[in-house]
J.: 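Right, I'll just put the structure down here and ask away after.
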Protein chains: 2
Amino acid sequence: MTITQLQYVLAVAEHKNFTLAAEKSYVTQPTLSMQVQKLEDELGVLIFDRSKKPISITAVGKKIVAQAKNIVAEAERIKDIVDQDKGYIGGDYTLGIIPTVMPTLLPMFLNTFIKKYPKVNLIIKEQPTDVMIRNILDGHLDAGIAATPLEIEFIKERPLYYEPFVGYVPQNHRLSQEQLLSTEHLDVNDVLLLQDGHCFRDGVINLCKASKNIGGETFKIESGSFETLVSLSDEGMGMTLLPYLNTVQLDAAKKQNLKPFKSPSPAREISLIYHKSELKIQITDALKEVISGIVRGAIAFQDVKIISPLAKN
Amino acid sequence: MTITQLQYVLAVAEHKNFTLAAEKSYVTQPTLSMQVQKLEDELGVLIFDRSKKPISITAVGKKIVAQAKNIVAEAERIKDIVDQDKGYIGGDYTLGIIPTVMPTLLPMFLNTFIKKYPKVNLIIKEQPTDVMIRNILDGHLDAGIAATPLEIEFIKERPLYYEPFVGYVPQNHRLSQEQLLSTEHLDVNDVLLLQDGHCFRDGVINLCKASKNIGGETFKIESGSFETLVSLSDEGMGMTLLPYLNTVQLDAAKKQNLKPFKSPSPAREISLIYHKSELKIQITDALKEVISGIVRGAIAFQDVKIISPLAKN
DNA sequence: AAAAACCATCAGTTTAATTTATGGTAGACC
DNA sequence: GGTCTACCATAAATTAAACTGATGGTTTTT
């Protein structure tokens with residue numbers, strides 16, 4: 001049994017296809033086939049059922065794959081140990097970011113980070129929270145930036161910053177005379193929200209629920225970006241809510257319509273999330289330091305009320 | 001990096017000697033040397049400092065060795081998974097047994113076990129608890145039988161049976177008229193005990209302490225076996241305490257001198273202990289079943305008081 | 001029924017692991 | 001302080017393993 005064989009098994013388990021798995025492993029298909037067979041021979045069991053297509057994993061195979069993931073991950077950590085010892089911070093690092101923080105947060109820290117750690121090859125992927133979690137769990141992402149708390153098993157969360165929500169209330173709206181909003185003002189039928197899959201929406205819904213206890217409603221309009229949301233709001237479709245960082249780039253006219261919440265303002269917690277095995281932890285640590293250092297200046301801290309993105313509370 | 005290389009590193013780390021490590025790994029010394037070097041090259045660090053003799057492990061080396069242990073252990077578990085799936089129970093299994101239970105317990109279960117699981121090659125080693133713990137922690141033992149609770153990190157305990165203590169009181173002893181002993185009767189200066197290293201002794205001392213709170217005393221005589229202890233006792237050197245299973249093989253005359261304790265009798269807990277990683281758990285389970293099944297008949301259960309072998313209480 | 005997708009097998013090559021033989025160095029011994 | 005011994009590294013040769021390219025047989029798809 002070799003680590004390589006285990007990696008091949010993992011590739012096949014993932015792609016359910018020897019040919020594709022071979023490509024992804026940068027070897028030819030016979031190489032991969034033979035190595036997998038060799039491992040199966042050595043163990044005396046079939047890991048994959050090749051009789052039907054697409055191939056399936058046998059019962060034992062599933063357990064073997066799970067254990068192989070362990071072993072390969074533990075093996076990779078040896079490199080981490082050496083890097084940490086050398087004080088070397090480098091190599092590929094894949095980071096997921098949720099769509100609602102991507103455009104505002106990324107430009108803030110990206111430049112600083114790649115200048116400070118030029119050896120790190122940062123690969124950034126925009127993806128919703130559920131996809132991100134799956135990717136972290138199976139090792140396709142080294143870390144992610146998402147709204148927390150999530151409280152997922154095997155995933156650690158380290159808060160980066162707390163971002164208050166700001167109301168965007170158009171001219172003739174019923175709340176346009178208010179100076180400061182309060183959660184009691186919100187009516188779930190009157191707030192424009194992002195479409196499903198954006199965890200921010202969960203936060204807002206919880207916010208509404210928390211303040212008025214209205215559930216089971218359907219919303220008239222849902223959009224995919226805050227820009228659209230603001231436009232719709234201007235058209236008289238209702239008010240909307242924006243995370244603080246999304247408000248700074250609005251033009252002067254639109255800024256007039258912003259109404260902050262009374263302290264304590266509702267807010268979302270944005271965290272760096274990563275697998276509890278802490279692979280590449282030295283890079284994760286570096287990233288955390290850079291981001292929170294930068295954000296510390298950008299968000300004027302206030303007494304905020306944290307809104308969970310989970311529906312459960 | 002291969003699993004083999006990691007195993008070689010572990011062998012060197014253990015023996016602090018390439019030549020010996022090579023022997024133990026069943027390869028020649030150059031093979032092992034080259035593979036270790038290759039791994040060091042790949043990682044770009046020295047794992048061993050060969051400049052002085054005996055060789056030493058570098059700072060990074062220690063971390064690498066610790067992680068290598070993980071990986072190798074996890075890799076071995078793949079075989080376990082397959083065995084478990086096949087319902088196969090076999091292979092080498094190394095079991096440690098403390099000296100005071102070895103002669104009584106071993107003959108009781110050995111035959112039954114090897115008949116029921118002929119594929120298991122049981123290797124039994126008699127050793128005191130402290131050695132046993134070290135061996136379980138570094139993987140030289142698959143399990144051990146010892147007096148518990150030990151409460152050692154990374155070690156699991158599964159009680160096999162509770163063995164009451166029985167007093168052996170010779171003819172002219174001050175307690176010879178008593179029918180049933182009580183812990184209050186015991187005087188630490190008057191009880192013959194096994195020499196250091198036998199955990200049973202700790203149990204007895206605790207027992208005495210528990211009943212009379214006498215500490216810091218030195219004992220006149222300490223022997224290495226219960227047989228000697230009984231002989232010494234007959235010679236008028238004082239009474240002694242025997243675990244129940246050690247009393248059944250006494251001849252009729254000596255059995256006259258046995259005096260059980262009043263219920264609840266003091267007792268020791270004998271457990272199967274093993275690493276929490278649960279390697280070869282299917283054999284450990286089988287062993288546990290066989291032993292407790294057999295002992296269930298041998299020890300008449302009574303209301304017993306459990307004596308910890310630890311000094312701390 | 002033909003085409004496509006996909007995995008296994010084979011023969012040959014490249015690469016890696018291992019061995020035997022040998023050389024060099026640190027400690028032990030006198 | 002010189003010699004011996006234990007011990008690790010290196011070199012060359014061998015053996016074993018991994019990998020490739022070509023090909024053939026199944027299973028799906030069309």
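Letters A, B, ... are given to chains in the order of the sequence lines, protein chains preceding strands, and every chain is numbered from 1.
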J.: Could you pull out all residues at least two apart from B:Phe113 that satisfy ring pair (Phe, Tyr, Trp, His ring centres under 6.0 Å)?
T.: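 Only B:Tyr117 meet the ring pair (Phe, Tyr, Trp, His ring centres under 6.0 Å) criterion with B:Phe113.
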J.: Rounded to whole angstroms, how far apart are CD on A:Glu23 and C1' on C:dC6?
T.: 12 Å
J.: Is the shortest side-chain N/O distance from B:Thr19 to OP1 or OP2 of D:dC7 below 4.0 Å?
T.: no
J.: Taking A:Glu40 for the side chain and A:Ile47 for the main chain, is one N or O donor matched with an acceptor at less than 3.5 Å?
T.: yes
J.: Regarding B:Thr284 and B:Tyr93, is there a side-chain donor-to-acceptor distance under 3.5 Å anywhere?
T.: yes
J.: Identify whether any heavy atom of B:Ser25 sits under 4.0 Å from a base atom; if not, whether one sits that close to sugar-phosphate; answer base, sugar-phosphate or nothing.
T.: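 Nothing, no heavy atom under 4.0 Å.
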J.: Could you please name the option among C:dC10, C:dC7, D:dT10 that lies closest to any side-chain atom of B:Gln37?
T.: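 Per side-chain heavy atoms of B:Gln37, the pick is D:dT10.
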J.: Once you apply a heavy-atom cut-off of 4.0 Å, does B:Tyr8 come out as touching a base, just sugar-phosphate, or nothing?
T.: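 Counting heavy atoms under 4.0 Å across all strands, the contact made by B:Tyr8 is with sugar-phosphate only.
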J.: Tell me which nucleotide among C:dC7, D:dT10, D:dC19 gets nearest to the side chain of A:Ser33.
T.: C:dC7
J.: Measure the distance from CZ on A:Phe18 to P on D:dT26 and round it to the nearest whole Å.
T.: 18 Å
J.: Once you round it to whole Å, what is the distance between P of D:dT26 and CD1 of A:Ile55?
T.: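 Distance check: A:Ile55 CD1 to D:dT26 P gives 19 Å.
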J.: Within this structure, what is the CG-to-C1' distance between A:Leu32 and D:dA17, rounded to whole angstrom?
T.: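 Spelled out: CG on A:Leu32 to C1' on D:dA17 is 16 Å.
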J.: Specify the separation, in whole Å, of atom CG of A:Asp41 and atom P of D:dA17.
T.: 13 Å
J.: Tell me, for nucleotides 21-30 of chain C in 5' to 3' order, what letter each nucleotide earns: B for a base near a protein heavy atom under 4.0 Å, S for only sugar-phosphate near one, - for neither?
T.: B---BSS---
J.: Round to the nearest Å and state the distance from A:Gln35 atom CD to C:dA16 atom C1'.
T.: 12 Å
J.: Compare the minimum distances between each of C:dA8, C:dC6, D:dC8 and the side chain of B:Asn17, then state the nucleotide with the smallest one.
T.: D:dC8
J.: Return all side-chain donor-acceptor pairs below 3.5 angstrom for residues 9-22 of chain B, not counting sequence neighbours, or 'none' if the list is empty.
T.:
| residue | atom | partner | partner atom | Å |
| --- | --- | --- | --- | --- |
| B:Glu14 | OE2 | B:His140 | NE2 | 2.6 |
| B:His15 | ND1 | B:Ala11 | O | 3.0 |
| B:Lys16 | NZ | B:Ala13 | O | 3.2 |
| B:Asn17 | OD1 | B:Thr19 | N | 2.8 |
| B:Asn17 | OD1 | B:Leu20 | N | 2.9 |

J.: Rounded to whole angstrom units, what separation is found between the CG atom of B:Asp49 and the P atom of D:dC7?
T.: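 Between P of D:dC7 and CG of B:Asp49: 17 Å.
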J.: Check whether A:Glu157 reaches the backbone of A:Glu151 with its side chain - one donor and one acceptor, N or O, closer than 3.5 Å.
T.: yes
J.: Does D:dC19 have its OP1 or OP2 closer than 4.0 Å to a side-chain nitrogen or oxygen of A:Thr28?
T.: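 Looking at the OP1 and OP2 atoms of D:dC19, neither is under 4.0 Å from any side-chain N or O of A:Thr28.
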J.: Round to the nearest Å and state the distance from A:Met34 atom CE to C:dC10 atom P.
T.: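 My rounded result for the distance is 9 Å.
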J.: Any donor and acceptor pair, going by atom type alone, linking the side chain of B:Gln67 with main-chain N or O of A:Glu74 inside 3.5 Å?
T.: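 Flag set: sc B:Gln67 to bb A:Glu74 pair under 3.5 Å.
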J.: How long is the straight-line distance from CG of B:Leu122 back to CG of B:Asp92, given to the nearest 0.5 Å?
T.: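 Separation between the atoms: 9.5 Å.
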